[in-house]
Protein chains: 2
Amino acid sequence: MNNLTRRQSQVLEYLEQCQERTGLAPSTREIQEHFGFASQTAALNHLRALERKGVIRRQAGKARAVAIASQLRREQIVDVPVYGSIAAGMGEAALEQEEEGMVSIDAVTVGLSRGARLFALRVRGDSMEGAHLTEGDLVILEQRPGRSGDIVAALIDGETTLKRLVVDRAGAWLKAENPRYPQLHPMEGLSVQGVMVAMVRRCGVAA
Amino acid sequence: MNNLTRRQSQVLEYLEQCQERTGLAPSTREIQEHFGFASQTAALNHLRALERKGVIRRQAGKARAVAIASQLRREQIVDVPVYGSIAAGMGEAALEQEEEGMVSIDAVTVGLSRGARLFALRVRGDSMEGAHLTEGDLVILEQRPGRSGDIVAALIDGETTLKRLVVDRAGAWLKAENPRYPQLHPMEGLSVQGVMVAMVRRCGVAA
DNA sequence: ATTATTCATGTTCGATTGAACAGTAGCTTG
DNA sequence: CAAGCTACTGTTCAATCGAACATGAATAAT
């Protein structure tokens, strides 16, 4: 795969750098200037060599028409906003506000359709330990109605928590995946804010 | 944020579409043709409007110099190759071959430095349940020597497994985070293939 | 020794392209 | 009703830019 000459690697690296910084591919003359070539043809030849080796793709005649193959092959990436840990009284409006950061991940590995409204919450406490969720885990949820057995972020009697949703003859209620926590049967109402579709854990110094 | 007119949204959508398909921003004349404008100025004005509203960034005079702001703000994204589940006798060479797919995730949320050599493995079995890892979880590992307490993929007596690394007076050994599994004390040697730095779980129909 | 490849210079050509200028029309706001 | 914004048309200009051609030199492969 890496049968590139030193110069070609340098040019490729410069291309990646440009696209990360400016979102834009450089023109042949910009490449020329960056490497101190006396001729623009030198840059053009390197681009042609990289294209021949399949590392980049170009479109004849068009300006700055350089795309890095590895980034095109990549699956679509979704940006998921992270709202703090689960807070009481979190409504639709509140979701828009308390943005804490972003997670970007490719759509395929988390198995979600583009267009789905997503958000993420950080797990607090150990009430879902039985479902292998622990303090600090980042749960990605989709805003849609939940089915029995789903892990959901739900608003129950004015407070929002992450629990497993159970629907049976007794109606809908929430079950903590930890024997030390009680089942939650709604007094007034239960509204599902989102259904867990994926999870990301970051291991710091110690897991 | 979304104080865009209908046309402006359409143009923005077209820009995103172009960059996803070709990795390239369209020229004003391509925008003109796509929307059936009779004048190229119409496209240019829409770009100017989008820039004024902060949705895109442009560079005066340069061809196709359109970058979508939300994608520039995004953190660097790393591509991690996924090798199947943990197989026996997996060496450096084997790593290069049995590629199964790719995970793309932003570098910040998994907390890893760019340049680190990364790979991912799918967890098989329940020997690490105590560390909240379960069947099907995708563990992201960095190729570097492990420290005591790290969860590592290690080659021990010719077989590779995912376990917690413990280094004490008795030397280095592996500990399963599940009381039903034995501790692994190496007979011949123990070589750490990678240290767990993050984990991604995908929830299918049922979690 | 010959050939191919890489890396480079110097120049020219024509197409692509952003930008500017001069208008027209509809629609909303004060 | 004037002012301002959106949404265009039609035209011109000059800078940008890819591409081609001629040429040369160093290195690796055959």
Side-chain angles (χ1 to χ4, degrees), chain A residues 1-19 21-69 71-72, chain B residues 1-19 21-69 71-72:
Chain A
M1 180 64 79
N2 242 350
N3 41 6
L4 299 180
T5 64
R6 180 176 304 158
R7 262 289 193 240
Q8 286 165 8
S9 302
Q10 285 172 2
V11 173
L12 180 63
E13 195 183 339
Y14 177 62
L15 291 179
E16 285 172 344
Q17 215 177 81
C18 279
Q19 287 201 325
R21 269 210 324 269
T22 63
L24 206 76
S27 68
T28 52
R29 271 158 248 252
E30 282 168 358
I31 298 173
Q32 171 196 355
E33 197 178 350
H34 179 262
F35 287 98
F37 296 152
S39 169
Q40 162 245 84
T41 309
L44 186 61
N45 282 334
H46 282 123
L47 288 185
R48 271 201 266 259
L50 286 173
E51 188 182 23
R52 186 163 38 80
K53 295 188 179 179
V55 189
I56 62 173
R57 257 179 245 175
R58 303 200 316 143
Q59 289 166 68
K62 289 184 181 173
R64 299 168 186 275
V66 181
I68 297 168
Q71 290 184 347
L72 278 179
Chain B
M1 181 62 82
N2 241 347
N3 41 5
L4 298 180
T5 65
R6 180 177 301 156
R7 259 293 192 242
Q8 285 166 9
S9 302
Q10 286 173 3
V11 173
L12 180 62
E13 195 183 340
Y14 177 63
L15 291 179
E16 286 171 344
Q17 216 177 80
C18 279
Q19 287 200 324
R21 269 211 324 269
T22 63
L24 207 76
S27 68
T28 52
R29 270 160 251 250
E30 282 168 356
I31 298 174
Q32 171 196 356
E33 197 178 349
H34 178 262
F35 287 99
F37 296 152
S39 169
Q40 162 248 84
T41 311
L44 186 61
N45 281 333
H46 282 124
L47 289 183
R48 271 201 265 257
L50 286 173
E51 187 182 25
R52 185 163 38 80
K53 294 188 179 179
V55 190
I56 62 173
R57 257 179 246 175
R58 303 176 58 225
Q59 289 167 69
K62 289 185 181 174
R64 298 169 185 274
V66 181
I68 297 169
Q71 291 183 347
L72 277 179

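In the text below, chain A, chain B and the rest are named by the order of the sequence lines, each starting its count at 1. Because the structure is a prediction, the values reported are computed rather than measured.
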Original post:
Which part of the nucleic acid, if any, lies within contact of A:Ala42, taking any heavy atom under 4.0 Å across all strands shown: a base, the sugar-phosphate backbone alone, or nothing?
Top reply: base
**OP:** Would you classify A:Arg29 as touching base, sugar-phosphate or nothing, given that sugar-phosphate means primed atoms plus P, OP1 and OP2, and contacts are heavy atoms under 4.0 Å?
**Re:** base
Original post:
Once you round it to whole Å, what is the distance between C1' of C:dT16 and CZ of B:Arg64?
Top reply: 8 Å
Original post:
Does the B:Glu30 side chain pair with the main chain of B:Ser27, one donor and one acceptor, at a distance under 3.5 Å?
Top reply: yes
Original post:
Taking atom CD of A:Gln71 as the centre, does the number of heavy atoms from other residues, nucleotides or ligands within less than 6.0 Å exceed 12?
Top reply: yes
**OP:** Could you state the atom-to-atom distance from CG of A:Leu44 to C1' of C:dT11 in whole Å?
**Re:** 14 Å
**OP:** Quick one: label A:Ala65 by what it contacts on the DNA or RNA (base, sugar-phosphate, nothing), any heavy atom closer than 4.0 Å.
**Re:** nothing
Original post:
At under 4.0 Å between heavy atoms, what does B:Gln8 touch on the DNA or RNA strands: base, sugar-phosphate, or nothing?
Top reply: sugar-phosphate
Original post:
DNA chain D: B:Arg7 or B:Lys62, which has the more 5' nearest nucleotide?
Top reply: B:Arg7
Subject >> Touch class at under 4.0 angstrom, heavy-atom based, for B:Ala60 against every strand present >> reply: sugar-phosphate
**OP:** Taking only the side-chain heavy atoms of B:Ala63 (C-beta and beyond), determine which of C:dT17, C:dT9, D:dA7 contains the nearest atom.
**Re:** C:dT17
Subject >> Integer-rounded Å distance: D:dA7 C1' and B:Leu47 CG >> reply: 14 Å
Subject >> Distance, rounded to the nearest Å, where B:Leu24 contributes CG and D:dC17 contributes P >> reply: 13 Å
Original post:
Ring centres of B:His46 and B:Phe37 under 6.0 Å apart?
Top reply: yes
Original post:
Any donor and acceptor pair, going by atom type alone, linking the side chain of A:Arg58 with main-chain N or O of A:Ala65 inside 3.5 Å?
Top reply: no
Original post:
Does any N or O in the side chain of A:Arg64 come within less than 3.5 Å of the main-chain N or O of A:Ala25, such that one atom is a donor and the other an acceptor?
Top reply: yes
Original post:
With respect to the side chain of B:Arg58, which nucleotide from D:dA19, C:dA19, C:dT9 is positioned closest?
Top reply: C:dA19
**OP:** Return the value, rounded to whole Å, for the distance between atom CD of B:Gln59 and atom C1' of C:dG18.
**Re:** 13 Å
Original post:
So, does the side chain of A:Thr41 form a donor-acceptor pair with the base of C:dG10 at under 3.5 Å?
Top reply: yes
Original post:
Just to confirm, is there a sub-4.0 Å distance from OP1 or OP2 of D:dA7 to any side-chain nitrogen or oxygen of B:Thr5?
Top reply: yes
**OP:** Tell me whether the OP1 or OP2 atom of C:dT6 has a side-chain N or O from A:His46 closer than 4.0 Å.
**Re:** no
**OP:** Between A:Gln40 and A:Lys53, just flag the one whose closest nucleotide in DNA chain C comes earlier from the 5' side.
**Re:** A:Lys53
Original post:
So, is A:Ser27 close to the D:dT16 phosphate, meaning a side-chain N or O under 4.0 Å from OP1 or OP2?
Top reply: no
Subject >> A:Glu33, CD atom: more than 12 neighbouring heavy atoms under 6.0 Å >> reply: no
**OP:** Assess whether one donor atom and one acceptor atom, taken from the side chain of B:Ser39 and the base of D:dG10, lie less than 3.5 Å apart.
**Re:** yes
**OP:** Look at the side chain of B:Arg52 and decide which nucleotide, out of D:dT6, D:dG10, C:dG18, has an atom nearest to it.
**Re:** D:dT6
Original post:
Between A:Gln32 (CD) and C:dT9 (P), how many Å, whole number?
Top reply: 8 Å
Subject >> Nearest-Å distance for atom pair CG/P, residues A:Asn45 and D:dA25 >> reply: 18 Å
**OP:** Rounded off to whole Å, could you give me the NE2-to-P distance for the A:His34 and C:dA8 pair?
**Re:** 14 Å
Original post:
Is the distance from OP1 or OP2 of C:dA20 to the nearest side-chain N or O of B:Arg48 less than 4.0 Å?
Top reply: yes
Original post:
Does D:dC17 have OP1 or OP2 sitting under 4.0 Å from an N or O in the side chain of A:Thr28?
Top reply: no
